[in-house]
Amino acid sequence: MPRSRPSSRRPYGAEPVPLDVDRATGGRRSESGPDGEWTVQRVRGSDREYRCPGCDQLVAAGTPHVVAWRTDDWRGAGVDERRHWHAACWDARGRRGPTRR
(Lines give C-alpha, C1' and ligand atoms only; values in the text may rest on other atoms or scores of the structure.)
Protein backbone atom coordinates (compact mmCIF):
# COMPACT_ATOMS: atom_id res chain seq x y z
CA MET A 1 0.00 0.00 0.00
CA PRO A 2 1.47 3.43 -0.92
CA ARG A 3 2.19 6.02 1.71
CA SER A 4 -0.49 8.52 2.43
CA ARG A 5 1.88 11.44 2.92
CA PRO A 6 4.84 12.56 0.80
CA SER A 7 8.38 12.21 2.01
CA SER A 8 9.81 15.17 3.86
CA ARG A 9 13.41 14.27 2.97
CA ARG A 10 13.39 15.93 -0.41
CA PRO A 11 10.49 17.59 -2.18
CA TYR A 12 9.27 15.86 -5.30
CA GLY A 13 11.09 17.10 -8.39
CA ALA A 14 13.86 18.85 -6.45
CA GLU A 15 17.42 18.31 -7.60
CA PRO A 16 19.57 16.09 -5.38
CA VAL A 17 22.43 17.64 -3.46
CA PRO A 18 25.65 17.31 -5.50
CA LEU A 19 28.28 14.93 -4.16
CA ASP A 20 31.17 16.63 -2.37
CA VAL A 21 34.10 14.60 -3.69
CA ASP A 22 36.59 15.99 -1.14
CA ARG A 23 34.33 14.97 1.71
CA ALA A 24 33.63 11.53 0.22
CA THR A 25 37.33 10.78 -0.29
CA GLY A 26 38.49 12.38 2.93
CA GLY A 27 40.18 15.12 0.91
CA ARG A 28 42.64 12.59 -0.50
CA ARG A 29 43.79 13.10 -4.07
CA SER A 30 46.64 12.10 -6.36
CA GLU A 31 49.22 14.57 -7.60
CA SER A 32 52.04 14.12 -10.04
CA GLY A 33 55.10 16.29 -10.39
CA PRO A 34 58.75 16.16 -11.36
CA ASP A 35 59.45 14.48 -8.01
CA GLY A 36 57.02 11.59 -8.66
CA GLU A 37 53.47 10.49 -7.96
CA TRP A 38 52.01 11.44 -4.59
CA THR A 39 48.87 10.84 -2.59
CA VAL A 40 48.01 14.08 -0.82
CA GLN A 41 45.55 14.78 1.96
CA ARG A 42 44.90 18.10 3.65
CA VAL A 43 44.17 17.67 7.34
CA ARG A 44 42.82 20.06 9.96
CA GLY A 45 45.52 19.33 12.46
CA SER A 46 46.25 16.87 15.20
CA ASP A 47 47.40 16.73 18.78
CA ARG A 48 51.02 16.03 17.78
CA GLU A 49 53.84 18.10 16.37
CA TYR A 50 55.58 17.04 13.16
CA ARG A 51 58.74 18.19 11.43
CA CYS A 52 58.09 19.55 7.93
CA PRO A 53 60.52 18.10 5.36
CA GLY A 54 60.21 21.27 3.26
CA CYS A 55 61.52 23.79 5.77
CA ASP A 56 62.76 21.57 8.63
CA GLN A 57 60.52 23.51 11.07
CA LEU A 58 57.83 22.16 13.36
CA VAL A 59 54.24 21.84 12.22
CA ALA A 60 52.58 22.88 15.48
CA ALA A 61 49.85 20.77 17.04
CA GLY A 62 46.40 21.75 15.77
CA THR A 63 47.77 23.49 12.66
CA PRO A 64 46.11 22.59 9.34
CA HIS A 65 48.70 20.97 7.08
CA VAL A 66 49.30 18.47 4.26
CA VAL A 67 50.06 14.77 4.64
CA ALA A 68 51.72 13.29 1.55
CA TRP A 69 53.29 9.99 0.57
CA ARG A 70 54.82 8.61 -2.61
CA THR A 71 52.78 6.13 -4.60
CA ASP A 72 55.33 5.34 -7.30
CA ASP A 73 58.10 4.25 -4.94
CA TRP A 74 59.30 0.66 -5.18
CA ARG A 75 58.91 0.29 -1.41
CA GLY A 76 55.19 0.97 -1.60
CA ALA A 77 53.06 3.47 0.26
CA GLY A 78 53.25 2.57 3.91
CA VAL A 79 52.44 4.46 7.06
CA ASP A 80 56.15 5.02 7.65
CA GLU A 81 56.47 6.88 4.34
CA ARG A 82 53.89 9.58 5.14
CA ARG A 83 55.28 13.07 5.65
CA HIS A 84 53.54 16.05 7.23
CA TRP A 85 54.20 19.32 5.37
CA HIS A 86 53.16 22.92 5.91
CA ALA A 87 50.68 23.70 3.13
CA ALA A 88 52.94 26.49 1.77
CA CYS A 89 55.99 24.21 1.82
CA TRP A 90 54.10 21.51 -0.07
CA ASP A 91 52.96 24.02 -2.70
CA ALA A 92 56.55 25.31 -3.07
CA ARG A 93 58.28 21.91 -3.24
CA GLY A 94 58.85 22.31 -6.98
CA ARG A 95 60.89 25.48 -6.41
CA ARG A 96 62.85 24.15 -3.47
CA GLY A 97 63.53 20.54 -2.63
CA PRO A 98 62.95 18.89 0.70
CA THR A 99 65.57 19.59 3.35
CA ARG A 100 65.10 16.15 4.89
CA ARG A 101 63.41 12.87 4.10
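Here the structure is a predicted model, which means the values were calculated and not measured.
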For [X] and [Y], which heavy atoms make the closest approach, and how far apart are they?
X	Y	answer
Gly54	Cys89	CA-CB, 4.3 Å
Val59	Trp85	CG2-C, 4.3 Å
Ala87	Arg42	CB-NH1, 3.4 Å
Trp38	Thr71	N-OG1, 3.9 Å

In the hydrophobic clustering (ILVMFWY, side-chain contacts below 4.5 Å, transitive), which residues join Leu58, or is it alone?
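Noted: Leu58 shares its cluster with no other residue.
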Is the backbone of Ala92 close enough, under 3.5 Å, to the side chain of Arg95 for a donor and an acceptor to pair up by distance?
no
When rounded to the nearest 0.5 angstrom, what distance separates [atom1] in [X] from [atom2] in [Y]?
X	Y	atom1	atom2	result
Arg82	Trp69	CZ	CH2	6.5 Å
Arg44	Thr63	CZ	OG1	14.5 Å
Arg70	Glu37	CZ	CD	9.0 Å

Can you list everything that forms a side-chain hydrogen bond (donor to acceptor under 3.5 Å, both in side chains) with Gln41? Sequence neighbours excluded, please.
Arg28
Contacts of type side-chain hydrogen bond (donor to acceptor under 3.5 Å, both in side chains), residue His84, not counting sequence neighbours
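With sequence neighbours excluded, His84 shows a side-chain hydrogen bond (donor to acceptor under 3.5 Å, both in side chains) to His65, given in chain and number order.
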May I ask you to say whether Asp56 pairs ionically with Arg83, meaning some side-chain N is under 4.0 Å from a carboxylate O?
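Judged by the 4.0 Å cut-off on N to carboxylate O distance, Asp56 and Arg83 do not form a salt bridge.
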Can you list the steps and then say if Cys52 with Gln57 is a side chain to side chain contact (heavy atoms under 4.5 Å, CB included)?
CA-CA 6 Å; Cys52 175; Gln57 300 295 314; 5.5 Å; no
Count I, L, V, M, F, W, Y as connected when their side-chain heavy atoms are under 4.5 Å apart, and connections chain through other members. Are Tyr50 and Val66 then in the same cluster?
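In one cluster: no.
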